[in-house]
Asks: 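Mind looking over this structure? Questions follow.
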Amino acid sequence: MAKSTSKDTQALFHSLRSAYAATPTNLKIIDLYVVFSVFTALIQVVYMAIVGSFPFNSFLSGVLSSIGTAVLAVCLRIQVNKENKEFKDLPPERAFADFVLCNLVLHLVIMNFLG
């Protein structure tokens, strides 16, 4: 049974890798940005666990900024994806402008939270 599960897992990873190879480059760049943002949040959580959380609002601001940016990037990816029929009339420039404006608002709120 374990041998079958291993083959199924390898087949799954192979099919995911071949499907992702057909993904356009601009979506891959957005995916990389999302991974970087989530990784930054994880580093901040690990640092807080090791060192401590003395300025707790600073920790919350950093983590919420990273996760919020990742969420906005996922929204950008959904809007820019040409296979998504829901946003077919939305030009990529408008989606990017929405992303920038929402990031600006997010970071203004984060800076306000810092004090």
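Side chains included, hydrogens not; waters and symmetry mates left out as well; all remaining heavy atoms used. Note that this is a predicted model, so its numbers are computed, not measured.
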Asks: So, taking the atom named CG in Asp98 and the one named CD in Glu93, what distance separates them when rounded to the nearest 0.5 Å?
Replies: 11.5 Å
Asks: Mind listing the closest non-hydrogen atom pair of Leu60 and Phe113 along with its distance?
Replies: CB-CE2, 4.0 Å
Asks: To the nearest 0.5 Å, what is the distance between CG on Leu76 and CG on Asn103?
Replies: 9.5 Å
Asks: Could you see if Phe54 belongs to whatever hydrophobic cluster contains Ile50? Use Ile, Leu, Val, Met, Phe, Trp, Tyr and a side-chain cutoff under 4.5 Å.
Replies: no
Asks: Quick one: list whatever passes side-chain hydrogen bond (donor to acceptor under 3.5 Å, both in side chains) with Ser66, sequence neighbours left out.
Replies: none
Asks: Hey, could you give me each pair passing side-chain hydrogen bond (donor to acceptor under 3.5 Å, both in side chains) that has a residue in residues 14-30? Not counting sequence neighbours.
Replies: Tyr20-Asp31
Asks: Same hydrophobic cluster for Val46 and Val51, using side-chain heavy-atom links shorter than 4.5 Å among ILVMFWY?
Replies: yes
Asks: Going by heavy atoms in the side chains, are Ser58 and Leu114 under 4.5 Å from each other?
Replies: yes
Asks: Return the minimal non-hydrogen interatomic distance between Ala41 and Ile67, and the atom names on each side.
Replies: CB-CD1, 3.7 Å
Asks: Where do Gln44 and Gly62 come nearest, in terms of heavy atoms and distance?
Replies: OE1-C, 2.8 Å
Asks: Taking the side chain as everything from C-beta on, heavy atoms only, tell me whether Tyr33 gets closer than 4.5 Å to Thr69.
Replies: yes
Asks: Are the side chains of Pro24 and Lys82 in contact, using a 4.5 Å heavy-atom criterion?
Replies: no
Asks: Treat each ILVMFWY residue as a node, draw an edge where side-chain heavy atoms are under 4.5 Å apart, and state whether Leu72 and Phe96 are in one component.
Replies: yes
Asks: Roughly how far, to the nearest 0.5 Å, is CG of Asn112 from NE2 of His107?
Replies: 14.0 Å
Asks: Taking all heavy atoms of Ile30 and all of Ala73, pick out the closest pair and write down the distance.
Replies: CG2-O, 3.4 Å
Asks: Please tell me if the side chains of Val80 and Phe87 come closer than 4.5 Å, counting only heavy atoms from C-beta onward.
Replies: no
Asks: When you group the ILVMFWY residues by side-chain heavy-atom contacts below 4.5 Å and let the links chain together, are Ile78 and Leu90 in the same group?
Replies: yes
Asks: Would you list the pairs meeting salt bridge (Lys or Arg N to Asp or Glu O under 4.0 Å) in which at least one residue belongs to residues 44-61, sequence neighbours left out?
Replies: none
Asks: Are Val100 and Leu27 connected in a single hydrophobic cluster, I mean Ile/Leu/Val/Met/Phe/Trp/Tyr linked by side-chain heavy atoms less than 4.5 Å apart?
Replies: yes
Asks: Ring centres under 6.0 Å, that's the criterion: do Phe39 and Phe36 meet it?
Replies: no
